[in-house]
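Notes for the one structure printed next.
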Amino acid sequence: AQKVTQAQTEISVVEKEDVTLDCVYETRDTTYYLFWYKQPPSGELVFLIRRNSFDEQNEISGRYSWNFQKSTSSFNFTITASQVVDSAVYFCALSLGEYSGAGSYQLTFGKGTKLSVIP
Amino acid sequence: AAGVIQSPRHLIKEKRETATLKCYPIPRHDTVYWYQQGPGQDPQFLISFYEKMQSDKGSIPDRFSAQQFSDYHSELNMSSLELGDSALYFCASSSGLQETQYFGPGTRLLVL
């Protein structure tokens, strides 16, 4: 079975600070996908990024960057120069890339990290 | 771009009543997933459909059933509602089983 751990339950930062959200995953499969979703106070789940297990290149999108390290089974998310609009719960999630039984393609979520950006 | 549509957005029911939640996937998406998110919890997978056939089943109570119709929209039917069914119900769609799941805005169900 897959497992995603987000050890940070809540983080508070002052606007313009950088913040890193940690994500550690467990799976026995070699082909899998990792995701980050954002859930603002309004409640919707917004897709941010997907990485496959064979692509360890870091990715940057504006103020967002992601660091994928298979050696430590981690997929961390950094927000640079945080803004109040970044305040949300952020979920890391995993799904498998090949069918290996029930639950392969469902998203397994971490418990989420609530980020509060203080003006 | 068109997104996933869910209706209703809010629903209040009494215990033991029934409820039907609807989901309209992004155009040309053939896969639909249902998730349940309790207060302060992470989303939990309930059930999924690919090309109108059930593709996977998670922690869905026997009181719940779902299907995907010929136009790819999906409905989640919930009977004998219990207080513990109060949650945010998300539908997500993707263009295939291994593809990125895009979520709808959710239906907030309150059972009194």
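Counting heavy atoms from C-beta on, the side chains of B:Pro43 and A:Leu45 come closer than 4.5 Å. Between B:Gln37 and A:Phe109, the closest side-chain pair of non-hydrogen atoms is not below 4.5 Å.
Of all heavy-atom pairs spanning B:Gln41 and A:Phe91, the tightest one is O-CZ, 4.0 Å. A:Tyr105 and B:Tyr33 get closest at one heavy-atom pair: O-CE2, 3.9 Å. Closest non-hydrogen pair, B:Leu88 versus A:Gly43, comes out as CD2-O, 3.9 Å.
Few gaps surround NZ on B:Lys13; more than 12 heavy atoms of other groups in view lie less than 6.0 Å from it. The environment of A:Lys114 atom NZ is sparse: at most 12 non-hydrogen atoms of other residues, nucleotides or ligands sit within 6.0 angstrom. Applying the 6.0 Å contact sphere to NZ of A:Lys16 captures no more than 12 heavy atoms from other residues, nucleotides or ligands. Applying the 6.0 Å contact sphere to CD1 of A:Ile60 captures no more than 12 heavy atoms from other residues, nucleotides or ligands. No more than 12 heavy atoms of other residues, nucleotides or ligands shown are found within 6.0 angstrom of CZ on B:Arg108. Enclosure of atom NZ in A:Lys70 by more than 12 non-hydrogen atoms of other residues, nucleotides or ligands within 6.0 angstrom is indicated. Atom CG of B:Asp62 sits in a sparse spot, with 12 or fewer heavy atoms from other residues, nucleotides or ligands closer than 6.0 Å.
Atom OG1 in A:Thr31 sits 9.0 Å away from atom CD in B:Gln98 (nearest 0.5 Å). Taken from CG in B:Leu97 to OG in A:Ser95, the straight-line distance is 10.5 Å, to the nearest 0.5 Å.
Residues B:Tyr50 and B:Ile60 fall into different hydrophobic clusters, defined by Ile, Leu, Val, Met, Phe, Trp and Tyr side chains chained together at heavy-atom separations under 4.5 Å.
Less than 6.0 angstrom separates the ring centroid of A:Tyr37 from the ring centroid of B:Phe103.
Heavy-atom pairs under 4.5 Å with chain B peak, among A:Lys111, A:Gln39, A:Arg50, A:Glu44, at A:Arg50.
Panel note: side chain B:Tyr35, backbone A:Gln106; no donor-acceptor pair is recorded below 3.5 Å.
With a 4.5 angstrom heavy-atom cutoff, B:Thr100 touches chain A via backbone and side-chain atoms both.
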